[in-house]
Amino acid sequence: MFNWLKKSAVTQTPQAEPWQNALLAIRQQAPVFKAIHTVILVASGKGGVGKSTTAANLAMAMANAGVRTGLLDADIYGPSLPTLFGLTGQKVSSPDNKLMQPLQQHGVTLQSIGFLVDPEDASVWRGPMASQALLQLINETIWPELDVLLIDLPPGTGDIQLTLSQKLPVTGAVVVTTPQDLALADAQKAISMFRQVSIPVLGLVENMSFYLCPSCGAHDDVFGSAGGLRLAERHQVPVLGQLPLQGSIRQQSDLGVALTQGDAAMAALYHDISLALLKRVSGELPEHASVEIKITDD
C-alpha cells in the first residue's frame with residue numbers, strides 16, 4: 001500500500017480534540033436558518049471535476065467526527081446525491097402532506113429532488129421553475145438542528161446560484177477544481193461570482209491532483225500540476241487540500257457506501273480537509289492559511 005499523500009500529523013481515525021474548539025465556536029453562534037448554524041456552498045463552476053463526490057465525502061467525514069451535518073443536493077436537473085449515498089429509488093416522507101422529512105444515511109441528513117422524482121425522468125424546467133423547486137426543498141424540509149448544512153451546487157453561475165445567494169443566509173463557499181486549465185477558468189468564475197454577491201470563499205479543494213499507479217508507484221500529473229494552488233494564490237484563497245485521482249473513490253461513490261468503508265488514506269484526507277473547513281468557519285484557521293501537504297512514495 002503506497003502512502004502517496006501524507007500531511008504532518010495525519011490520523012487514520014478522527015480524533016475528538018482537534019474538532020472541539022471549532023465545533024464549540026460554531027454551536028455558540030446563533031442559527032442562520034431554522035436550526036442550522038452554518039450554510040456552506042460547494043461549487044465548481046464546471047461539471048466533471050468531482051464536486052458532488054467531494055461534497056458527499058466531506059459531509060460523511062464531518063458526520064463521522066461528530067458534527068451534526070446535512071447535505072442538500074441543489075442540482076435540480078442532475079441530482080447525484082441518491083447514488084452517492086446508496087439511496088437510489090428512495091423517497092422522502094411527509095407527516096402532514098406539506099413538509100418533508102429528510103433521509104438519513106451514513107450519519108448525514110439528506111435532501112434532494114432525486115428523492116421526489118423518478119430517477120429516469122428528466123426535469124425539463126426553465127430556470128425560474130427550477131429555482132422555485134429548490135426553494136421548496138429548502139423551506140419545506142424538516143431540518144433537525146445542524147452544525148453545518150453543505151449545499152452541492154450545480155455547475156455554472158446561473159439562476160440556482162443567484163437564488164441561494166439572495167434567499168439564504170450563506171456562511172461561505174468552497175470551490176472544487178482540478179489542475180486542468182479548462183476547469184481552472186470556470187473555478188475562477190465561481191470565485192468571482194461569490195465575491196460579487198458578497199459570499200466569502202472559505203477555501204479551494206484541488207481534486208484529481210495526480211494519479212499514482214497502484215502497481216508500480218509511478219506518479220502522473222494527468223490534469224496538470226498545481227494549477228489549483230496557483231489559482232488560490234492569485235485570488236488569495238486558502239487551499240483546504242489536494243485529492244488524488246483514485247479508483248477507490250469511484251467505486252465508493254458508485255456503490256454509495258460510507259467513506260469509512262473505503263480507502264483509509266483517502267478517508268484521512270477528507271477528514272483533514274473537512275476539519276480545515278470547520279476551522280475556517282469558526283475563525284480558528286487564519287484567512288489565508290493553507291493546509292501543509294507532503295508527498296512521499298514510501
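Everything numeric in this text was worked out from a predicted model, so none of it was measured.
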For the student: nearest non-hydrogen atoms of [X] and [Y], plus distance:
{"X": "L71", "Y": "A56", "answer": "CD2-CA, 3.9 Å"}
{"X": "L184", "Y": "P179", "answer": "CD1-O, 3.2 Å"}
{"X": "A22", "Y": "L278", "answer": "CB-O, 4.0 Å"}
{"X": "I113", "Y": "L137", "answer": "N-CD1, 3.6 Å"}
{"X": "H106", "Y": "V257", "answer": "NE2-C, 3.4 Å"}
{"X": "N139", "Y": "F33", "answer": "OD1-CZ, 3.5 Å"}

Report yes or no: does [X] contribute a side-chain atom to a donor-acceptor pair with the main-chain N or O of [Y] at less than 3.5 Å?
{"X": "T141", "Y": "I138", "answer": "no"}
{"X": "Q161", "Y": "G158", "answer": "yes"}
{"X": "Q242", "Y": "S209", "answer": "no"}

In this structure, would [X] and [Y] fall into the same cluster of hydrophobic residues linked by side-chain contacts under 4.5 Å?
{"X": "W143", "Y": "L135", "result": "no"}
{"X": "L162", "Y": "Y77", "result": "yes"}
{"X": "I40", "Y": "V32", "result": "yes"}
{"X": "I142", "Y": "I151", "result": "no"}
{"X": "V197", "Y": "V175", "result": "yes"}

Do S52 and D152 have side-chain atoms, one donor and one acceptor, less than 3.5 Å apart?
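Result is yes, a qualifying pair exists.
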Is there side-chain contact between [X] and [Y], with at least one heavy-atom pair below 4.5 Å?
{"X": "V205", "Y": "K51", "value": "no"}
{"X": "I249", "Y": "D263", "value": "no"}
{"X": "L134", "Y": "L72", "value": "yes"}
{"X": "I273", "Y": "L277", "value": "no"}
{"X": "D147", "Y": "M62", "value": "no"}
{"X": "Q111", "Y": "V92", "value": "yes"}
{"X": "L269", "Y": "P244", "value": "yes"}
{"X": "E233", "Y": "L229", "value": "no"}

Could you give the side-chain donor-acceptor pairs of residues 185-195 under 3.5 Å, partners two or more places apart or in another chain?
residue, atom, partner, partner atom, Å
Q188, OE1, R234, NH2, 3.0
Q188, OE1, H235, NE2, 3.3
S192, OG, Q196, NE2, 3.3
R195, NH1, H235, O, 3.3
R195, NH2, H235, O, 2.7

From [X] atom [atom1] to [Y] atom [atom2], the distance as rounded to the nearest 0.5 Å:
{"X": "Y270", "Y": "L259", "atom1": "OH", "atom2": "CG", "value": "7.5 Å"}
{"X": "Q101", "Y": "D96", "atom1": "CD", "atom2": "CG", "value": "10.0 Å"}
{"X": "L24", "Y": "Q20", "atom1": "CG", "atom2": "CD", "value": "8.5 Å"}
{"X": "K279", "Y": "W19", "atom1": "NZ", "atom2": "CH2", "value": "9.5 Å"}
{"X": "L110", "Y": "L81", "atom1": "CG", "atom2": "CG", "value": "5.0 Å"}
{"X": "L168", "Y": "Q166", "atom1": "CG", "atom2": "CD", "value": "11.5 Å"}

Neighbour count >12 (heavy atoms, 6.0 Å) for atom CD, Q104:
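Buried by this count: over 12 neighbours within 6.0 Å.
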Residue K34 excluded, over 12 heavy atoms near NZ under 6.0 Å:
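Atom NZ in K34 is packed in, count exceeds 12.
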From CA spacing to verdict: side chain to side chain contact (heavy atoms under 4.5 Å, CB included), I160, S131:
CA-CA 6 Å; I160 295 295; S131 296; 4.1 Å; yes
Checking side chain to side chain contact (heavy atoms under 4.5 Å, CB included) against N207, which of L245, V49, V176 comes through?
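Of the listed residues L245, V49, V176, the side chain to side chain contact (heavy atoms under 4.5 Å, CB included) partner of N207 is V176.
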Quickly, which of L23, L146, V108 forms a side chain to side chain contact (heavy atoms under 4.5 Å, CB included) with V67? Name it, please.
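Of the listed residues L23, L146, V108, the side chain to side chain contact (heavy atoms under 4.5 Å, CB included) partner of V67 is L23.
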Worked verdict on M60 versus N64 for side chain to side chain contact (heavy atoms under 4.5 Å, CB included)
CA-CA 6 Å; M60 291 184 216; N64 191 47; over 6 Å; no
Going by side chain to side chain donor-acceptor pair (under 3.5 Å), name the residues that satisfy it together with T54, two or more places apart in sequence or in a different chain.
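Listed in chain order: nothing, the list is empty.
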By the ring pair (Phe, Tyr, Trp, His ring centres under 6.0 Å) test, which pairs, at least two apart or in different chains, include something from residues 34-57?
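Of all non-adjacent pairs touching residues 34-57, none passes ring pair (Phe, Tyr, Trp, His ring centres under 6.0 Å).
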